[in-house]
Amino acid sequence: KSLIVCIYYDLHNWLQRFIADRGYSIQEVFEGKDTSFVFHQDSTLKDILLFTQNLYSEALSIVTRFIKSRKSIDVKQIELFLESNYQRVVTLEQTANQFYISKEYLSKVFKEKTGTSFSDYVTALRMNKAKELVMESKVPLKEIPELVGYADLAYFYRVFKKYFGLTPGKMHENLK
C-alpha cells in the first residue's frame with residue numbers, strides 16, 4: 001500500500017509542476033476543488049491511476065483554455081521559462097509548444113517586446129552564465145559548455161569568443 005501512496009504523490013507533484021510551469025496554481029485550475037485521492041483499504045493502483053489520469057486530462061484542458069484566452073503572450077513568463085531552461089536544448093519551436101502558440105507568432109512578439117530575437121536572447125543568457133562560471137567558480141573550463149546548454153565544445157568556444165572577443169581560457173587568465 002505504501003508504494004501506491006508514493007506513486008500517487010509523485011504523480012500529483014508532477015501535475016502541480018506542469019500547472020506551475022505554465023504560470024498557474026492548482027487552486028486556480030481546479031477552482032478550489034479538492035484534487036486529493038481518498039484512500040480506502042481496497043484502493044488499487046488502477047483506481048489511483050484512473051483518478052490521476054482524469055485530473056491530468058482536466059488540467060490540460062483548463063490550462064489550454066486559459067492560455068488560449070490570453071490576449072497576448074506574457075513575454076515575462078517566456079523569459080522566466082528560458083532562464084530556468086537555458087542549460088537544456090531550448091528551441092523556438094519547443095518554447096512555442098510549451099505556451100501553445102505558433103513559433104512564428106512567438107518569434108514576432110518576442111522581438112517586438114524584448115528588442116532582441118529569440119535565439120540572440122538565449123545566446124545572451126548562456127554566454128552571461130558562462131562568463132559567470134569562468135570568472136567566479138572553480139568549474140573546469142571544459143565543463144562549462146554543458147552547464148550552459150552546449151553539447152559541442154568547439155562550437156561553444158567559437159560563440160564565446162565571438163560574443164566576448166576572447167576565449168574562456170583567456171578571460172580566466174586575465175583574472176590572475
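Residues: numbered from 1 along the sequence shown.
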### Query
How are the rings of Tyr8 and Phe37 set to each other: parallel, tilted or perpendicular (split at 30° and 60°)?
tilted

#### Entry: Parallel, tilted or perpendicular, as decided by the 30° and 60° cut-offs, for the rings of Phe160 and Phe164
tilted

### Message
Surrounding CD of Glu28 (heavy atoms of other residues, nucleotides or ligands, distance under 6.0 Å), is the total greater than 12?
### Response
yes

#### Entry: Glu31 atom CD, neighbour heavy-atom count above 12 within 6.0 Å
no

From [atom1] ([X]) to [atom2] ([Y]), nearest 0.5 Å:
X      : Y      : atom1 : atom2 : value
Leu133 : Lys131 : CG    : NZ    : 12.5 Å
Lys33  : Gln27  : NZ    : CD    : 13.5 Å
Lys170 : Glu173 : NZ    : CD    : 5.0 Å
Asp120 : Leu125 : CG    : CG    : 11.5 Å
Phe30  : Ser25  : CZ    : OG    : 10.5 Å
Phe81  : Thr95  : CZ    : OG1   : 4.5 Å

### Validation row, ring centre Phe18 to ring centre Tyr56 under 6.0 Å
no

### Query
Cut-off 3.5 Å, side chains only: do Asp47 and Thr44 have a donor facing an acceptor?
yes

### Beyond-backbone contact of Ile7 with Thr52, side-chain heavy atoms, under 4.5 angstrom
no

